Protein chains: 2
Amino acid sequence: MDIHNKTEEQVKFLRCIGEATRLRILKYIIDEEKCVTDIVNAVGKEQSLVSHHLKYLKDCNIVIARQKAQKTYYSLSHHRLAGIIIQSESLVKELPICQEKKCND
Amino acid sequence: MDIHNKTEEQVKFLRCIGEATRLRILKYIIDEEKCVTDIVNAVGKEQSLVSHHLKYLKDCNIVIARQKAQKTYYSLSHHRLAGIIIQSESLVKELPICQEKKCND
DNA sequence: CATTCATATGAATGATAATACATATTAATC
DNA sequence: GATTAATATGTATTATCATTCATATGAATG
């Protein structure tokens with residue numbers, strides 16, 4: 001129908017969750033809000049990098065931030081997000097992604 | 001547990017479907033196999049680009065190719081793929097991605 | 001109020017990936 | 001078997017994006 005129905009936004013969303021550090025963050029906060037320091041420890045990346053990714057996720061409305069004193073707690077913005085994450089995870093187990101071909105990892 | 005449980009493969013999968021041209025291809029072939037020329041017309045991109053993306057998708061086992069004379073027909077490799085695509089599409093409608101913030105598109 | 005803790009931000013760099021262009025392959029048709 | 005049709009591939013360019021480093025902000029605490 002129109003030029004970019006909703007595909008652009010869907011792409012933005014999938015890109016958002018389709019990055020290793022961000023996906024780890026999302027999985028870590030999937031059922032309970034967590035503060036940045038805990039997230040940093042969980043994903044094992046630099047604090048500034050984690051903050052950049054959290055900003056990215058927040059700007060895409062995938063997570064919400066709650067300020068409490070000096071700490072900021074992040075959680076998923078929508079319960080259905082957990083569903084997508086879990087379903088794609090289980091799909092990948094069935095789908096032999098890069099099992100046979102010349103994949104470099 | 002181990003260093004990269006299945007997150008890496010899940011990321012690879014999400015990256016794979018999280019690109020505009022590839023997602024359009026996948027949506028176009030979602031319920032019926034299509035040949036390259038039809039896909040090219042559907043997505044409105046260069047033939048070589050479409051072929052590159054099809055190769056990418058095939059190498060990740062997201063699509064399968066069926067040769068018939070000079071034509072190659074592509075289809076989804078797994079029925080659950082359609083589910084993920086449709087569910088993420090409907091989730092995005094609920095999730096106001098980049099509706100409020102400084103998003104450049 | 002200076003210091004520490006928690007988090008955010010801006011700029012620079014490096015890596016990765018999408019695209020374009022030229023060309024190759026393979027099969028059909030005249 | 002030369003030409004056309006359908007698709008694939010290799011290389012170069014360009015754009016995007018993750019990461020790092022340095023620094024800033026803001027709140028708590030001694």
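Every value quoted in this text rests on a predicted model; they were computed, and no experiment measured them. Side-chain atoms are counted along with the backbone in the values below, which use heavy atoms only and exclude waters and symmetry mates. So that the names make sense, note that chain A is the first sequence line, chain B the second, and so on, each numbered from 1.
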Expressed in angstrom and rounded to an integer, what is the separation of [X] atom [atom1] from [N] atom [atom2]?
{"X": "A:Lys71", "N": "D:dT29", "atom1": "NZ", "atom2": "P", "value": "11 Å"}
{"X": "A:Asp59", "N": "C:dG10", "atom1": "CG", "atom2": "P", "value": "11 Å"}
{"X": "A:Lys55", "N": "C:dA6", "atom1": "NZ", "atom2": "P", "value": "23 Å"}
{"X": "A:Tyr73", "N": "D:dA27", "atom1": "OH", "atom2": "P", "value": "16 Å"}
{"X": "B:Arg66", "N": "D:dA6", "atom1": "CZ", "atom2": "P", "value": "16 Å"}
{"X": "B:Lys34", "N": "D:dA6", "atom1": "NZ", "atom2": "C1'", "value": "18 Å"}

Is there a side-chain contact between [X] and [Y] in this structure, where contact means two heavy atoms from C-beta onward sitting under 4.5 Å apart?
{"X": "A:Leu49", "Y": "A:Val43", "value": "no"}
{"X": "B:Arg24", "Y": "A:Thr7", "value": "yes"}
{"X": "B:Val63", "Y": "B:Ser77", "value": "no"}

Pick base, sugar-phosphate or nothing for A:Tyr74, based on heavy-atom distances below 4.0 Å to the nucleic acid.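 Touches sugar-phosphate only.
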Pick base, sugar-phosphate or nothing for A:Ser51, based on heavy-atom distances below 4.0 Å to the nucleic acid.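 Base contact.
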So that I can tick it off, tell me whether B:Glu89 and B:Lys27 are bridged by a salt bridge, with the cut-off set at under 4.0 angstrom between side-chain N and carboxylate O.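 Here B:Lys27 pairs with B:Glu89 in a salt bridge, since their nearest N and O are under 4.0 Å apart.
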For the pair B:Glu94 and A:Arg80, find out whether any cationic side-chain nitrogen is under 4.0 Å from an anionic carboxylate oxygen.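 Yes, B:Glu94 and A:Arg80 are salt-bridged.
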Start with the C-alpha gap between B:Gln67 and B:Tyr73, add the side-chain angles, then the distance that decides, and say whether side-chain contact (heavy atoms from CB on, under 4.5 Å) holds. CA-CA 6 Å; B:Gln67 194 83 23; B:Tyr73 292 87; over 6 Å; no
Report yes if a side-chain nitrogen or oxygen of A:Thr72 is closer than 4.0 Å to either non-bridging phosphate oxygen (OP1 or OP2) of C:dA8; otherwise report no.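 Answer yes for this pair, as a side-chain N or O of A:Thr72 is under 4.0 Å from OP1 or OP2.
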Treating B:Glu19 as the side-chain partner and B:Thr21 as the backbone partner, does any N or O pair qualify as donor plus acceptor under 3.5 Å?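 A pair under 3.5 Å: yes.
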Bracket string, DNA chain C, 5' to 3' - pairs by Watson-Crick or G-U geometry under 3.5 Å, | interstrand: ||||||||||||||||||||||||||||||
With sequence neighbours left out, what residues match A:Lys34 under salt bridge (charged side-chain N to carboxylate O under 4.0 Å, His left out)?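 For A:Lys34 the salt bridge (charged side-chain N to carboxylate O under 4.0 Å, His left out) partners, ignoring immediate neighbours, are A:Glu32.
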Result of checking A:Leu54, A:Leu57, A:Ile39 against A:Ile29 for side-chain contact (heavy atoms from CB on, under 4.5 Å):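 Only one of A:Leu54, A:Leu57, A:Ile39 forms a side-chain contact (heavy atoms from CB on, under 4.5 Å) with A:Ile29, namely A:Ile39.
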5' to 3', nucleotides 18-30 of chain C under a 4.0 Å protein heavy-atom cut-off (B base, S sugar-phosphate only, - none) gives SBBBB----SS--
